Amino acid sequence: MIVKLKGRSDPVRVEYFDDVRRRLLDVPWQQRQHLLTELVNRLDNLPGGVDPNSILGESEHYARLMRESAGYGPTPPRRFAYIRAWRLRRKLLTGATIVLVPTLIFAAAFAAHYQPLAAYALGGSSTAPIVESDRAIAESSAPIGVVFRRYEPGSEVVVTTEIHNRGHATATVTGVSIPNGFQPIVATGLRRAADAQSIGLPDRGVPVRTVAIGPGGTSYIFVMMKMQQETLGAGDSAWQANPTLNVDVLGVHHQVPIQGGGIGVIAQP
C-alpha cells in the first residue's frame, strides 16, 4: 500500500483508515489510491485527539460515499463474487476491444446524465450564537451533527463546502436548494474560496453566480444563507440537512447534497 497515514500512532485513525480501505478493495488500484490519498489528507488535517468518526462520520458511511462518488455500489460485492468478477474481466479483455468504439460513444452520451460528484461540509458559521441546550436539541429529534443556533431573523448562516468532480466533463454549480421547504433559513448566494487555506474565512470569499469545476477538480464554496422571519414560538426548534447544490453537466441538471451535519434554529424564551 503506497498511501501512508502520518498519524500511525493513533489507533483510532489507523482503524478508521483500514476499515475504509477494506471496503474499497474492488475499486481499481489507481482509483482506489486516489480515494485513499484524499482520506489520508483529511485524517492528517484533523486536530490531535479528535475521533474521525465525529467529524467524517462512521467509516462505513464514509466508504459508501466514496464508492458512490466513484461510480460503484454502496457496498463491495461478496468475496467470491469479487473473485469471479476479476476473472471475468480478464476473460473479456480481448472481446472488449471489439466493442470499445461503440462503448465510448455511449459513454459520452451517458456522462451528461451520470456524473460522479460529491460535496462535503467542512464546517459552518453564523452571526447567531450556538445554543448549548441538550434538552432542546434532544426534543428536536435532530440527528448527530446538526448545529443549533439561536433564532435571530436577519442573521447570516454559512456552510463551507468542498465539492469534488471525478467525472470527465466540467461541472458548474449554478445555485443552492434548501431541502424540505425549510422556512427559517433561505439561501442568499455563493462565494468561492481562493484556496484551501481560506476555507474558514467566508468574508474573503469572492461572490459568484456560478462555480465551474473541471474534470478531476475540487472547489471550495461558501453557501451563504440568512435567517428570515418565521413564526417560531419561544422554545420551539427546527432543523434541516445541509443545502443541496444545483449542478449542470453538459446541459443536464444534477442535485448534489452537501454531506455531513446540518443546520438548526431554536427560538429561546
Side-chain angles (χ1 to χ4, degrees), residues 27 31 34-35 38 41-42 57 61-62 64-74 101-125 156-183 185-196 198-226 228 240-263:
V27 177
Q31 192 172 19
H34 175 76
L35 296 175
E38 179 182 306
N41 291 335
R42 294 175 70 89
H61 176 68
Y62 188 92
R64 175 174 299 211
L65 293 177
M66 297 186 86
R67 291 180 59 80
E68 292 178 342
S69 69
Y72 289 80
V101 173
T103 298
L104 290 176
I105 296 174
F106 172 79
F110 182 70
H113 294 272
Y114 173 75
Q115 187 76 356
L117 303 167
Y120 305 96
L122 299 182
S125 61
E156 181 181 80
V157 181
V158 182
V159 173
T160 303
T161 306
E162 178 184 41
I163 179 169
H164 303 273
N165 175 14
R166 299 191 182 93
H168 301 288
T170 297
T172 303
V173 180
T174 59
V176 182
S177 297
I178 303 296
N180 304 323
F182 191 68
Q183 295 302 315
I185 295 178
V186 295
T188 58
L190 299 172
R191 293 181 185 176
R192 186 182 66 245
D195 49 44
S198 60
I199 60 176
L201 303 170
D203 291 341
R204 297 186 183 179
V206 180
V208 292
R209 291 189 177 183
T210 62
V211 178
I213 309 161
T218 296
S219 287
Y220 300 95
I221 302 171
F222 301 112
V223 177
M224 311 300 296
M225 296 169 286
K226 72 174 182 179
Q228 66 171 351
Q240 68 166 55
N242 283 321
T244 297
L245 298 178
N246 302 326
V247 183
D248 283 338
V249 182
L250 300 177
V252 177
H253 178 70
H254 300 260
Q255 288 194 312
V256 182
I258 301 174
Q259 304 292 334
I263 306 167

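Every value quoted in this text rests on a predicted model; they were computed, and no experiment measured them.
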Taking C-beta and beyond as the side chain, do [X] and [Y] meet within less than 4.5 Å on heavy atoms?
X: Leu35; Y: Arg67; value: no
X: Val223; Y: Leu190; value: yes
X: Pro243; Y: Ile185; value: no
X: Val176; Y: Leu245; value: yes

Q.
Donor-acceptor pair, distance only, cut-off 3.5 Å: does the side chain of Arg191 make one with the backbone of Pro202?
A. yes
Nearest non-hydrogen partners of [X] and [Y], listed with the distance:
X: Phe222; Y: Ala193; answer: CE1-CB, 3.8 Å
X: Ser69; Y: Ala118; answer: CB-CB, 3.8 Å
X: Ile213; Y: Thr218; answer: CG2-N, 4.0 Å
X: Ala119; Y: Thr161; answer: CB-CG2, 4.0 Å
X: Ile258; Y: Ala121; answer: CG2-N, 3.5 Å

Would you give the length of the straight line joining atom [atom1] of [X] to atom [atom2] of [Y], rounded to the nearest 0.5 angstrom?
X: Thr170; Y: Asn165; atom1: OG1; atom2: CG; answer: 7.0 Å
X: Glu38; Y: Met66; atom1: CD; atom2: CE; answer: 5.0 Å
X: Thr174; Y: His254; atom1: OG1; atom2: NE2; answer: 11.0 Å
X: Asn242; Y: Met225; atom1: CG; atom2: CE; answer: 7.0 Å

(Q) Once side-chain hydrogen bond (donor to acceptor under 3.5 Å, both in side chains) is applied, do any residues pair with Gln259, and if so which ones, sequence neighbours excluded? (A) none
(Q) Restricting to side-chain hydrogen bond (donor to acceptor under 3.5 Å, both in side chains), what partner residues turn up for Ser177, sequence neighbours left out? (A) Asn246
(Q) Which residues pass the ring pair (Phe, Tyr, Trp, His ring centres under 6.0 Å) test with Tyr120, not counting sequence neighbours? (A) His164
**Q.** Set of residues satisfying side-chain contact (heavy atoms from CB on, under 4.5 Å) with respect to Pro74, sequence neighbours excluded
**A.** Arg64, Glu68
**Q.** For Val206, side-chain contact (heavy atoms from CB on, under 4.5 Å) partners two or more places apart
**A.** Val208
(Q) For a quick check under 3.5 Å, do Arg192 and Ser219 share a side-chain donor-acceptor pair by atom type? (A) no
Q) Can you name the residues that form a salt bridge (Lys or Arg N to Asp or Glu O under 4.0 Å) with Arg204, not counting sequence neighbours? A) none
